[in-house]
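Here the structure comes first, spelled out in structure tokens, and everything after it is commentary.
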Amino acid sequence: MPAQKVETGHQDTVHDVAMDYYGKRLATASSDHTVKIIGVSNNASQHLATLAGHQGPVWQAAWAHPKFGSLLASCSYDGRVILWKEVPGALVGSGLLDPVHKLCSGGCDNTVKVWKLSDGQWKLDCFPALQKHTDWVRDVAWAPNLGLPKSTIASASQDGRVIIWTVAKEGDQWEGKVLNDFKTPVWRVSWSLTGNILAVADGSNNVTLWKEAVDGEWQQVTTVEP
């Protein structure tokens, strides 16, 4: 498909863009305090919605798997995560989302936190917060678990390290293991759809792919050429 320029309509810097599972919609996060939803096709784009609920720059947006419905999470400098659910045709902010039970967040307190929906309220589900990083956590990504009881989260930090957090089953303690020290800030981590490959983007402009070996150690499988 040829390159396509998409006009977002944002009034300030765009910090993140996320395409939905089917490749039909983009969510863009901006310093103008909004998230915009843009429909895309092979040769055109169309503004679908502006999500205004944050009170500060919006750093990142992430779509849920479509089995949970049309659901988007956004995080902001205002310290909040907003979940947006589509109710007929429009994405609206909501705190009552029965199909989704957990999410993870990372912040400038150097920690990763896991949250659980309970009685309509999001409550911390790890005590204490997950603490292995020594600088801002720039990104977190929950791996698809394909119905297994084990949960896995990857976190990327200004301290140069990616940490893989795992918990065997509900109620157990999370354990963290350093995937690699990249010796430069790590900006983004992203899992493959099956959760077995992790892509890492670091401050040296490298993108690398990692896979867990049989012995539990993580190994780099390739470097993505620009």
Side-chain angles (χ1 to χ4, degrees), residues 1-66 68-97 100 103-113 115 117 122 133 135-142 154-158 185-191 199-203 205 207 226:
M1 186 175 72
Q4 178 182 343
K5 184 176 181 180
V6 176
E7 295 294 342
T8 66
H10 283 297
Q11 302 302 308
D12 208 331
T13 304
V14 175
H15 296 289
D16 191 35
V17 59
M19 182 169 280
D20 71 2
Y21 183 86
Y22 299 110
K24 299 296 186 183
R25 292 181 297 179
L26 295 175
T28 57
S30 170
S31 276
D32 66 8
H33 301 189
T34 72
V35 175
K36 290 185 182 290
I37 308 300
I38 301 166
V40 292
S41 61
N42 287 341
N43 53 14
S45 61
Q46 178 185 10
H47 177 268
L48 300 177
T50 297
L51 310 182
H54 285 294
Q55 298 173 1
V58 187
W59 298 130
Q60 194 170 343
W63 294 95
H65 190 281
F68 298 113
S70 188
L71 187 65
L72 180 76
S74 60
C75 64
S76 167
Y77 188 74
D78 64 14
R80 296 187 299 161
V81 172
I82 296 180
L83 300 180
W84 307 88
K85 185 178 183 181
E86 189 170 29
V87 290
L91 284 159
V92 296
S94 175
L96 302 173
L97 299 169
V100 176
L103 59 82
C104 59
S105 64
C108 55
D109 60 358
N110 305 351
T111 71
V112 174
K113 296 180 179 179
W115 304 86
L117 184 64
W122 286 96
H133 288 296
D135 209 333
W136 289 21
V137 179
R138 291 293 188 176
D139 194 23
V140 290
W142 201 307
S155 59
S157 171
Q158 188 81 22
V186 187
W187 302 118
R188 294 297 301 269
V189 281
S190 179
W191 294 98
V200 179
D202 65 44
N205 297 331
V207 176

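With rounding to the nearest 0.5 angstrom, the OG atom of Ser74 is 10.5 Å from the CG atom of Asp16. Interatomic distance, Cys104 SG to Asp139 CG, rounded to the nearest 0.5 Å: 9.0 Å. The line from OG of Ser70 to NZ of Lys85 is 10.0 Å long, rounded to the nearest 0.5 Å. How far CG of Leu117 is from CG of Leu83: 8.5 Å, rounded to the nearest 0.5 Å.
Side-chain contact between Leu26 and Val6: present, with at least one pair of heavy atoms (C-beta onward) separated by less than 4.5 Å. The shortest side-chain heavy-atom distance between Ile38 and Arg25 does not fall under the 4.5 Å cut-off. In this structure, the side chains of Ser41 and Gln46 stay at 4.5 Å or more apart for every pair of heavy atoms. Annotation: side chain of Pro66 is in contact with side chain of Tyr22 (closest heavy-atom distance under 4.5 Å).
Applying the ring pair (Phe, Tyr, Trp, His ring centres under 6.0 Å) definition to pairs two or more places apart or across chains, none involves residues 32-54.
In this structure a side-chain-to-backbone donor-acceptor pair under 3.5 Å is present from Trp63 to Ala18. With Gln11 contributing its side chain and Gly9 its backbone, the two residues share a donor-acceptor pair below 3.5 Å.
In this view, Ser155 and Val112, His133, Val137, Val140, Ile163, Trp165 satisfy the side chain to side chain contact (heavy atoms under 4.5 Å, CB included) rule, not counting sequence neighbours. Under the ring-ring contact (aromatic ring centres under 6.0 Å, His included) criterion, Trp142 pairs with Trp174, sequence neighbours left out.
The shortest non-hydrogen separation linking Asp135 to Ser157 is O-OG, 3.2 Å. Closest of all the heavy-atom pairs between Leu72 and Ala27 is CD1-CB, 3.8 Å. What you find for Ala141 and Trp191 is that their closest heavy atoms are O-NE1, 2.9 Å. Of all non-hydrogen atoms in Val186 and Ala201, the two that sit nearest each other are CG1-O, 3.5 Å. The two residues Ala154 and Val189 make their nearest non-hydrogen contact at O-CG2, 3.8 Å. Val81 and Leu103 get closest at one heavy-atom pair: CG1-CD2, 4.5 Å.
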>> Between Ile37 and Leu51, is the side chain to side chain contact (heavy atoms under 4.5 Å, CB included) condition met? List the steps.
In response: CA-CA 8 Å; Ile37 308 300; Leu51 310 182; 4.1 Å; yes
> Yes or no on salt bridge (Lys or Arg N to Asp or Glu O under 4.0 Å) for Arg188 and Asp202, after CA distance, side-chain angles and deciding distance?
Replying inline: CA-CA 7 Å; Arg188 294 297 301 269; Asp202 65 44; over 6 Å; no
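Each of His15, His10, Lys36 was compared with Thr28 under the side chain to side chain donor-acceptor pair (under 3.5 Å) criterion, and only His10 meets it.
Between the side chains of Trp59 and Ser76, no donor N or O sits under 3.5 Å from an acceptor N or O.
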